[in-house]
There are 2 protein chains.
Amino acid sequence: MAEGSKRQARKIPEATVARLPIYLRSLLEAAGDGLPTISSERLAELSGFNAAKVRKDLSYLGSYGTRGVGYDVEYLQYQMSRELGLTKDWHVVIAGLGNLGHALANYGGFGDRGFPVAALVDADPRVVGTDINGITVRHIDELDAIAAESQIDIGIIATPASAAQEVADRMIAAGVSSILNFAPTIVSVPAEVSLRKVDLAVELQILSFYQQRRGGAGSTSSLPPETAAAPPAG
Amino acid sequence: MAEGSKRQARKIPEATVARLPIYLRSLLEAAGDGLPTISSERLAELSGFNAAKVRKDLSYLGSYGTRGVGYDVEYLQYQMSRELGLTKDWHVVIAGLGNLGHALANYGGFGDRGFPVAALVDADPRVVGTDINGITVRHIDELDAIAAESQIDIGIIATPASAAQEVADRMIAAGVSSILNFAPTIVSVPAEVSLRKVDLAVELQILSFYQQRRGGAGSTSSLPPETAAAPPAG
DNA sequence: CGCCGCTTGTTCACGTGGTCACAAGCGCCC
DNA sequence: GGGCGCTTGTGACCACGTGAACAAGCGGCG
C-alpha cells in the first residue's frame, strides 16, 4: 500500500521539535485567555524564546500564519498537536514504583495530557499486587502479557540504576519503542527505539558548576544556563 | 582583593558542561571496578558518547591524561569534582510538597551526592508542619528566615505551574541563585540567576513526535532522540 | 639506549542551530 | 479601490558543536 497522502515529511530540526511542546503549552494559555489570534512576538513572550526563532520554528510546520495579523490560535494548536502526534492517546507503562515511580503514578497530569498510565510494573514482590491510584502493580515478568492485552507505547524507567538496562531490554522486547529513563545510568537501545533521559543529579551538578563559577554565593557572573532538549536517541 | 590564584577561567562550552556529570558518574563506576587508569575509548563506552568528544571535553579541564596510558581515574575524578563545584555541599530547598516534591524529599540520592535537603516549604497550611523524611515542612513565607538560618544554594520548584513564578521570585529575594524548575511553565529570572527546567510532559511529547514519525507502532525509522542539556539561564 | 606501539591533545572541515534583516503579503482605512 | 502599516516567512550570515584525522609524546621492550 502507498503512503497515506502526499505527506512530504519535511525535516524538522531536533532543536525545533524540543520547543514545539512549549509553544503548544503557550497556545493553550493564549486560548484560555480567549485570544483568537497570536503574533510571533506575543508567543515568544509566553514561551520564553525570541520572535525570530518562533517564526522559523513555526514555518517548519507550514505557513499557518497570516501576515499583518498573526497565527490563528485554535488552528495552530490543532496543527501542532497533529504534528506532535497528540491526536491519539499514548499508553504509558511505569517500571519501578519507588519514590519517583510512585509520584509519577499518582500524578494525574499524564492522563490529562494524552498519556494515560496503562500499567505499573515492579520486581519487588512486596510492591507487586499493591494498588496505586487505582492501578494494580504487576510483576515485570508479565510485561509481554501486559503489552499483549493493551497497546503500550511509552515506557518510563523509574528503577534503580542497576536494573535500568534490563528493564529497557524487556520493554523493547515487549514492543515498546519510546523510553523515558529516570535512572542515573546509561541505557543502550537499538536505533529504531527513541530514548530520552532525565537525571536530577546531573541537573543539580550543572547548576553547581555555574554557581561555583559565579563565585559561590554570587558575585561576578559568568554564564547563565537555560535548559535545551534534543531528540530521543535511536 | 585580587583573584585567588592565576585561575585563568578557561571557557568551557555549555554542551561540555552538561556532559561532565556523566563523565564523573562513569569515573565513579570505573573506580568501583578498581581500575587505576582509563582510556578515552573506555570512558566513551561508559558514558555513551564517542572517544573524540570525550578527549575534547576533558581537554577543556586541562591536560590530565598521559599519552599511551590514559587518564588516572582518581585524579581525573578529583579535578572534575573540583571543576563542577562538588567539593562542598550545596544546600537545597524544595518548594511544593505535592506528589513530586514529596518524592524528591524522600529520595535519599541528593544528600549522598552532595546536595543535602536543607528545608522544605509549602503554602498549603495542611502540609505545613508535617514531617517528611525527618524534615518539618515550613511555610513559604518563612523563606527569608530559613535562608538566614542556614545557607541555601539551590531552590527546587515542585509547585503547580500557577505558583512557580512567585516562588522563584521569593527564592531569589532570599538569596538563592540557582533554581531547578519542575513546574510546567516559563519562569523568568534575572541574568545572575541560573535556571534549569525539567518538564515531564514535554519529554513525553517529544517522544510522541518521533514515535508518530516512525509510523505509530514502529516501522520505518526517522530520527532517534538522545537528550542533551544546556547551561542554566541567567 | 633506541625503537615501537599506544593514547592523548589538537587542528581542520562540516553540519546544525541561532540571529538578523528584509521582502512579501494581508487587511484595514480612507 | 488604492495606499499604508503590521506581521509573517525566508534568505544570508555567524557562532557553536561535532566528527574525523593526525602529530606529539609517553612508556615499555629488546
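Below, read A as the first sequence line, B as the second, and so on, with proteins coming before strands; counting in each chain starts at 1. What you are looking at is a predicted structure, and each value in this text was computed from that prediction instead of being measured.
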Practice task
Would you mind reporting whether B:Thr185 and B:Gln165 have side-chain heavy atoms less than 4.5 Å apart?
Solution key: no
Problem - Test applied, salt bridge (charged side-chain N to carboxylate O under 4.0 Å, His left out); reference residue, A:Arg213; option that passes from B:Glu192, B:Glu14, B:Glu83 - result: B:Glu83
Exercise for the section: Select one nucleotide: of D:dT18, C:dG17, C:dT7, the one nearest the side-chain heavy atoms of B:Ser39. Expected result: C:dT7
Practice task
Rounded to the nearest angstrom, tell me the gap between atom CD in A:Glu45 and atom P in D:dT7.
Solution key: 12 Å
Exercise for the section: Quick one: label A:Arg42 by what it contacts on the DNA or RNA (base, sugar-phosphate, nothing), any heavy atom closer than 4.0 Å. Expected result: nothing
Exercise for the section: Look at the side chain of A:Lys56 against the base of D:dT10 and say whether a donor-acceptor pair falls under 3.5 Å; ignore hydrogens and angles. Expected result: no
Practice task
Answer whether the closest heavy-atom distance between the side chains of A:Gln212 and B:Leu84 falls below 4.5 Å.
Solution key: no
Problem - Phosphate-side-chain proximity, A:Ser40 and D:dT8, N/O vs OP1/OP2 below 4.0 Å - result: yes
Problem - Which residue lies more 5' along DNA chain C, comparing A:Lys53 with A:Val69 via nearest heavy atoms - result: A:Lys53
Practice task
Nearest 0.5 Å please: distance from the CG atom of B:Leu58 over to the OH atom of B:Tyr64.
Solution key: 10.5 Å
Problem - Whole angstrom value for the distance that separates P of D:dT10 from CG of A:Leu61 - result: 12 Å
Problem - Flag side-chain contact, heavy atom, 4.5 Å: A:Ile179 against A:Lys197 - result: no
Exercise for the section: Mind calculating the distance between CG (A:Leu76) and C1' (D:dG9) to the nearest angstrom? Expected result: 14 Å
Exercise for the section: Would you tell me if any nitrogen or oxygen in the side chain of A:Arg55 comes within less than 4.0 Å of OP1 or OP2 on C:dG18? Expected result: no
Practice task
Check every atom of C:dG25, C:dG9, D:dG11 against the side chain of A:Arg67 and return the nucleotide holding the closest atom.
Solution key: C:dG25
Problem - C:dG18 OP1/OP2 closer than 4.0 Å to side-chain N/O of A:Asn50 - result: no
Completion exercise
Closest to the side chain of A:Thr66, out of C:dG17, D:dT10, C:dC26, is C:dC26
Practice task
Please determine if a side-chain N or O atom of B:Tyr71 lies less than 4.0 Å away from the OP1 or OP2 oxygen of C:dG9.
Solution key: yes
Handout entry: Rounded interatomic separation in angstrom, taking CG from B:Leu58 and P from C:dT7
Key = 15 Å
Exercise for the section: Could you tell me the separation between the CD atom of B:Glu14 and the C1' atom of D:dA15, rounded to a whole number of Å? Expected result: 12 Å
Practice task
Using a heavy-atom cut-off of under 4.0 Å over every strand shown, decide if B:Phe49 touches base, sugar-phosphate, or nothing.
Solution key: nothing
Practice task
Could you tell me whether B:Tyr64 contacts a base, only the sugar-phosphate backbone, or nothing, with contacts defined as non-hydrogen atoms closer than 4.0 Å?
Solution key: sugar-phosphate
Completion exercise
B:Leu43 atom CG is separated from C:dG9 atom C1', nearest whole Å, by 15 Å
Fill in the blank from the handout: 5'-most contact on DNA chain C (nearest-nucleotide basis), B:Glu41 vs A:Asp57, goes to B:Glu41
